[in-house]
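Presented below is the structure to which this report refers.
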Amino acid sequence: MRQSWEEYFLMLAGHVSTRGTCDRLQAGCVLVRDKRILATGYNGSLPGADHCNDVGHLIMNGHCVATEHAERNAVANAARVGVSTMGATAFITHTPCWDCIKHLAAAGITSIIYDLEYDNARSTHPPNLDQILQKAGIQLVQYRR
């Protein structure tokens with residue numbers, strides 16, 4: 001049976017996540033518009049910086065802050081090559097944190113589809129998240145197999 005587009009892009013996000021350099025969680029993100037891939041990103045250290053996998057983690061408030069998140073890396077990768085993300089969908093391996101949701105929204109992403117629930121990310125969400133997203137015209141959906 002042929003995969004749906006959602007399955008396909010989430011599978012690609014999973015593959016992209018294998019490049020992640022923080023072993024606490026390997027996350028991947030694929031930005032798509034009109035069934036075309038715009039950019040990808042995975043969680044990893046800043047360019048030229050040591051990787052968590054090699055030197056350990058820098059933990060603050062329960063999060064490793066040595067790495068940049070997959071979502072923000074995908075947006076940055078699109079910006080580096082001059083690709084607009086307006087009206088795109090973000091396919092993500094795990095629940096995005098609140099900061100990444102805001103970053104994706106600011107980049108013009110209108111739909112966020114994630115695969116796996118990551119409870120630690122939910123702890124960052126404001127209690128009225130659904131109302132905020134509705135007003136901003138952004139859809140946040142967990143993919144159901």
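In this text, all values refer to a predicted model and were calculated from it rather than measured experimentally. In this chain, residues are counted from 1 in sequence order.
- In terms of the side-chain hydrogen bond (donor to acceptor under 3.5 Å, both in side chains) criterion, residue partners of E68 (sequence neighbours excluded) are, by chain and number, R72.
- Ring orientation note: the planes of Y8 and W5 are nearly perpendicular, at an angle over 60° on the 30°/60° scale.
- Side-chain atoms of N73 come within 3.5 Å of backbone N or O of Y42 as a donor-acceptor pair.
- Note on Y114: it does not cluster hydrophobically with Y143, by side-chain heavy-atom contacts below 4.5 Å among ILVMFWY residues.
- Remark: the backbone N or O of G44 is not paired with any side-chain donor or acceptor of T67 at under 3.5 angstrom.
- One distance of note links OG1 of T85 with NE2 of H103; it measures 8.5 Å at 0.5 Å rounding.
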Would you be so kind as to tabulate the donor-acceptor pairs closer than 3.5 Å made by side chains of residues 126-133, with sequence neighbours excluded?
none

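- E117 CD to H94 NE2: the interatomic distance, rounded to the nearest 0.5 Å, is 10.0 Å.
- For the pair I101/I138, no side-chain contact is recorded, criterion being any heavy-atom separation below 4.5 Å from C-beta on.
- A pairwise comparison of heavy atoms in P96 and H125 identifies O-NE2, 2.7 Å as the closest pair.
- Under the 4.5 Å side-chain criterion, counting only non-hydrogen atoms from C-beta, T110 is not in contact with Q139.
- In the displayed structure, R19 atom CZ is contacted under 6.0 Å by at most 12 heavy atoms of other residues, nucleotides or ligands.
- Judged by distance alone, the side chain of R33 and the main-chain N or O of S84 form a donor-acceptor pair under 3.5 Å.
- Annotation for E6 and F91: closest pair CA-CE2, 3.9 Å, computed over non-hydrogen atoms.
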H69 and C97: CA distance, side-chain angles, deciding distance, side-chain contact (heavy atoms from CB on, under 4.5 Å) verdict: CA-CA 9 Å; H69 289 192; C97 71; 3.5 Å; yes

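- More than 12 heavy-atom neighbours from other residues, nucleotides or ligands sit within 6.0 angstrom of CG on D54.
- Nearest heavy-atom pair across L12 and V30 is C-CG2, 4.0 Å.
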Report the C-alpha separation of H57 and D23 in whole Å, then their side-chain angles, then the decisive distance to 0.1 Å, and conclude whether the side-chain contact (heavy atoms from CB on, under 4.5 Å) test is met. CA-CA 9 Å; H57 304 282; D23 54 14; 2.8 Å; yes

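- Crowding of Q134 atom CD: a count of heavy atoms from other residues, nucleotides or ligands under 6.0 Å not exceeding 12.
- Side-chain atoms of S45 come within 3.5 Å of backbone N or O of D50 as a donor-acceptor pair.
- For L38 against A88, the heavy-atom pair with the smallest separation is CD1-CB, 3.7 Å.
- Note that OG1 of T95 and CG of L116 are 8.0 Å apart. Values are rounded to the nearest 0.5 Å.
- With hydrogens and angles ignored, the 3.5 Å screen pairs a side-chain donor or acceptor of N43 with a backbone N or O of A27.
- For T93 (side chain) and G14 (main-chain N/O), no donor-acceptor pair under 3.5 Å exists by modelled atom type.
- Note on Y118: it does not cluster hydrophobically with V16, by side-chain heavy-atom contacts below 4.5 Å among ILVMFWY residues.
- Neither V32 nor V75 shares a network with the other; the hydrophobic side chains, linked directly or stepwise wherever heavy atoms of I, L, V, M, F, W or Y lie under 4.5 Å apart, form separate groups for each.
- Contact check for I109 versus M86: no side-chain heavy atoms found under the 4.5 Å cut-off.
- Using a 4.5 Å heavy-atom cutoff, the side chains of V65 and I59 are not in contact.
- The hydrophobic cluster containing L10 does not contain V141, counting ILVMFWY residues as joined when their side-chain heavy atoms lie under 4.5 angstrom apart, directly or transitively.
- The two residues I92 and I112 come nearest to each other via the heavy atoms CD1-CG2, 3.6 Å.
- Atom NZ of K35 is separated from atom OG1 of T89 by 11.0 Å, given to the nearest 0.5 angstrom.
- When all heavy atoms are compared, the tightest approach of C29 to A90 is SG-CB, 4.2 Å.
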